[in-house]
Amino acid sequence: MSNALITTDFDVRQSVSRDASGMELIPDTVARPRSRAELLQLLHEALRDRTPVTAAGGQTSTTAASLTDRGMLLSLREIGGIHDIDRASRSVRVGPGELLGPLKRTLAAEGWLLAPDPTSEEDCTIGGAIACNASGARSLRYGAIRSHVRGLTVALMNGDVLELRRPSLEKNTVGYAPVHDLVDWFVGSEGTLGIILEAELSLLPLPAWVIGISIPFPTEAAALAFVIAARESAVLAPRCLEFLDAGALDIARTSVQDPGWATSAQALIYTELAGSEADEPPLDAWLELAMAHAALDDDIRVYEGEAALRDARKLRHAVPATMHERAAPYRATGGRRISTDWAVPYRHLADALAASRRAVERRGLAQPVTFGHAGNGHPHQNFIARDSAELERITDAVGETLRDVIALGGTVAAEHGIGKIKSRWLPMQMSGTQRAMMRAIKHELDPHNLLAQGNIL
Ligand SMILES: Cc1cc2nc3c(=O)[nH]c(=O)nc-3n(C[C@H](O)[C@H](O)[C@H](O)COP(=O)(O)OP(=O)(O)OC[C@H]3O[C@@H](n4cnc5c(N)ncnc54)[C@H](O)[C@@H]3O)c2cc1C
């Protein structure tokens with residue numbers, strides 16, 4: 001390909017060769033189109049030359065989904081822009097390269113909440129978040145980004161541009177349901193079906209107040225029982241229920257001012273409540289439920305106001321950042337951080353964690369640090385492999401856990417997608433027929449298999 005937008009410069013290629021998976025794949029070329037016309041021209045030439053194309057946004061993927069060593073890495077970062085905030089229909093149209101965090105702040109200044117909140121929001125793009133169906137702590141109340149996408153403009157590999165909107169039909173008996181709403185084909189497709197050029201997203205009014213509460217417990221069992229009770233309560237309405245096990249809590253303690261805080265706790269739950277002017281925060285009901293589950297009442301903390309809530313989130317976010325740092329020295333010996341992403345129906349979380357601990361123990365490995373979205377039955381377990389042999393044993397233990405997760409009605413990947421490093425687990429969850437149907441869709445939209453080779457299938 002001879003397009004002036006394409007570079008083969010080694011430093012540029014290397015600068016896009018890593019994501020958060022620990023893998024390195026250096027593309028043959030890199031292109032950074034600044035407009036839709038430039039992007040379509042690049043796709044046209046790639047199809048003509050049968051050049052594989054992998055889209056990339058912020059490259060925060062944890063699965064090597066935004067990496068490739070085959071063909072062109074197509075960065076969408078330059079195609080941003082907030083095109084339209086429509087107060088009447090409560091929606092916004094944005095370009096794929098827009099970063100989620102700054103976009104959310106712009107919208108908040110106008111009184112709107114864009115609800116999806118992946119921890120990576122300061123660094124991830126709208127296109128990447130949609131392509132991975134990203135979610136976050138508050139997905140407990142608001143759902144993953146899929147439920148906030150009203151429409152998409154997508155470029156197919158053959159240069160066709162599709163303008164897709166969710167159907168507004170209340171009744172429909174035409175054909176097979178999987179083809180009723182094509183927006184859903186592209187959400188979570190990890191760049192394999194088309195390139196997202198624009199998204200129309202739903203907005204909610206900003207809540208009038210938000211209160212955070214962290215509640216330490218003497219045992220993990222008490223904390224997890226509390227999560228089930230809080231989720232099933234008719235009055236509490238949490239917007240997140242985040243869990244930290246003893247190892248995660250040790251890390252979190254180092255990020256707060258008071259080192260003596262919650263030292264006898266073995267687990268912690270962080271929740272957030274939010275409401276309108278007319279709502280009263282049900283603080284007494286929360287404290288009552290916490291005490292009924294033996295919470296360590298002297299160490300319960302309530303966070304009100306921007307700064308306090310930011311500190312509370314830092315407490316939780318300190319855990320993956322610290323684990324990332326702890327793993328860094330082992331890269332040279334083939335080690336890395338391994339972060340699981342499985343989920344089970346929330347009532348089965350304690351069973352799944354027990355199964356995982358047994359699998360880890362059987363292999364004589366150190367137990368992972370576990371934290372995350374307990375309200376959705378979705379923890380992250382972080383292991384550190386010190387070399388490639390340990391990496392293999394950890395992967396084996398994770399595989400055994402995933403078989404138990406599936407038996408409990410769960411999923412092998414709840415928010416980070418499959419990418420390149422989890423495709424081995426796909427057959428555990430999806431039948432041959434389901435995989436064949438996915439291949440048929442892929443073949444229909446990208447018959448030469450040029451888009452995001454190696455992702456998912
Ligand atoms: C510290 C950290 C915390 C994280 N926390 C969360 C979390 O809380 N929740 C969560 O869901 N994920 C989380 N992630 C994973 C990841 O950040 C998200 O999935 C994120 O949405 C990816 O966005 P991105 O712009 O970085 O995409 P990239 O990593 O660049 O790409 C991801 C995938 O999207 C495709 N893609 C990118 N742009 C487009 C486009 N315009 N059209 C078509 N395909 C495209 C790529 O080909 C790739 O398959 C985290 C990652 C890190 C490193």
Side-chain angles (χ1 to χ4, degrees), residues 19-23 58-67 116-121 123-124 128-140 143-146 187-191 240-245 247-248 316-317 319-321 323-324 327 336-346 348-349 352-353 355-357 359-360 367-385 391 394-430 455-456:
D19 66 353
S21 68
M23 277 180 75
Q59 295 204 284
T60 62
S61 52
T62 60
T63 60
S66 69
L67 308 183
D117 65 332
T119 312
S120 53
E121 64 185 15
D123 303 307
C124 80
I130 294 173
C132 291
N133 189 24
S135 56
R138 295 181 201 143
S139 301
L140 179 66
I145 200 167
R146 184 185 297 283
V187 179
S189 65
E190 300 186 34
C240 67
L241 280 167
E242 295 287 292
F243 166 76
L244 273 67
D245 79 349
R316 147 79 169 79
H317 291 184
V319 182
M323 292 304 286
H324 190 68
R336 62 176 172 88
R337 175 172 77 119
I338 296 118
S339 178
T340 68
D341 184 27
W342 53 261
V344 288
Y346 66 93
H348 294 313
L349 181 54
L353 289 176
S356 154
R357 289 198 174 116
V360 169
Q367 290 295 342
V369 164
T370 301
F371 59 97
H373 323 305
N376 287 122
H378 176 209
H380 293 296
Q381 294 185 296
N382 276 202
F383 297 84
I384 293 179
L391 180 66
I394 292 171
T395 307
D396 199 44
V398 170
E400 184 179 323
T401 302
L402 292 180
R403 279 186 282 280
D404 289 314
V405 161
I406 295 295
L408 289 166
T411 173
V412 300
E415 72 178 12
H416 293 178
I418 291 290
K420 295 179 180 67
I421 64 176
K422 290 194 227 159
S423 46
R424 78 180 85 174
W425 311 125
L426 201 67
M428 268 190 203
Q429 186 169 336
M430 287 195 157
N455 281 1
I456 307 181

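Atom CE of Met428 and atom CZ of Arg403 lie 4.5 Å apart (nearest 0.5 Å). Atom CD1 of Ile456 sits about 11.5 Å away from atom NZ of Lys422, to the nearest 0.5 Å. Atom NE2 of residue His348 and atom CG of residue Asp404 lie 12.5 Å apart, to the nearest 0.5 angstrom. How far OG1 of Thr411 is from CG of Leu402: 9.0 Å, rounded to the nearest 0.5 Å. To the nearest 0.5 Å, the span separating CD1 on Ile421 from OG1 on Thr62 amounts to 6.5 Å. One finds the NZ atom of Lys420 at 7.5 Å from the OG atom of Ser66 (value rounded to the nearest 0.5 Å).
For the pair Pro116 and Ile145, the tightest heavy-atom approach, listed with the atom from each and the gap, is CG-CG1, 3.6 Å. Among all heavy-atom pairs drawn from Ala343 and His378, the shortest one is CB-CB, 3.7 Å. Nearest heavy atom pair, residue Phe383 against residue Val360, reads CE2-CG2, 3.6 Å. Nearest heavy atom pair, residue Thr60 against residue Ala20, reads O-CB, 3.8 Å. Listed here is the closest heavy atom pair of Asn376 and Ser139: OD1-C, 4.1 Å.
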Quiz item: When you look at Phe243 and Leu349, which way does the side-chain contact (heavy atoms from CB on, under 4.5 Å) test go after all the steps?
Solution: CA-CA 11 Å; Phe243 166 76; Leu349 181 54; 5.6 Å; no
Quiz item: Could you go step by step and tell me if Gln381 and Ile338 meet the side-chain contact (heavy atoms from CB on, under 4.5 Å) rule?
Solution: CA-CA 8 Å; Gln381 294 185 296; Ile338 296 118; over 6 Å; no
Quiz item: Should Leu140 and Glu242 be marked as a side-chain contact (heavy atoms from CB on, under 4.5 Å) after you check the CA-CA gap, both sets of side-chain angles, and the distance that decides it?
Solution: CA-CA 10 Å; Leu140 179 66; Glu242 295 287 292; over 6 Å; no
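Proximity of Tyr346 to Leu241: side-chain heavy atoms (C-beta onward) are nowhere separated by under 4.5 Å. The shortest distance between side-chain heavy atoms of Ile418 and Val412 falls below 4.5 Å. Residues Glu415 and Asn133 are not in side-chain contact: their nearest non-hydrogen atoms beyond the backbone lie 4.5 Å or more apart. With contacts defined as side-chain heavy-atom distances shorter than 4.5 Å, the pair Thr340/Thr401 does not qualify. With a 4.5 Å cut-off on side-chain heavy atoms, Cys124 and Pro118 count as touching.
Within a 6.0 Å radius of NE2 in His324, no more than 12 heavy atoms belonging to other residues, nucleotides or ligands are found.
Listed for the Glu190 side chain is a donor-acceptor partner under 3.5 Å among the backbone atoms of Gly419. At distances below 3.5 Å, at least one donor-acceptor pair connects side-chain atoms of Asp19 with backbone N or O atoms of Ala64. A donor-acceptor pair under 3.5 Å is absent between the side-chain atoms of Ser356 and the main chain of Ala352, judged by distance alone. Between the side chain of Asp123 and the backbone N or O of Gly58 there is no donor-acceptor pair closer than 3.5 Å. Of the possible polar contacts, none joining the Arg337 side chain to the Asn382 backbone as a donor-acceptor pair under 3.5 Å is found.
Take Arg138 and apply the salt bridge (charged side-chain N to carboxylate O under 4.0 Å, His left out) test, not counting sequence neighbours, and it matches Asp117, Glu272. When the ring pair (Phe, Tyr, Trp, His ring centres under 6.0 Å) test is applied to His416, the partners found at least two apart in sequence or on another chain are His380.
Each salt bridge (Lys or Arg N to Asp or Glu O under 4.0 Å) pair with one or both residues in residues 58-67, not counting sequence neighbours, would appear here, but there are none.
Considering Thr370, Val344, Asp245 in turn, Thr370 is the only one that fulfils the side chain to side chain contact (heavy atoms under 4.5 Å, CB included) rule with Leu353.
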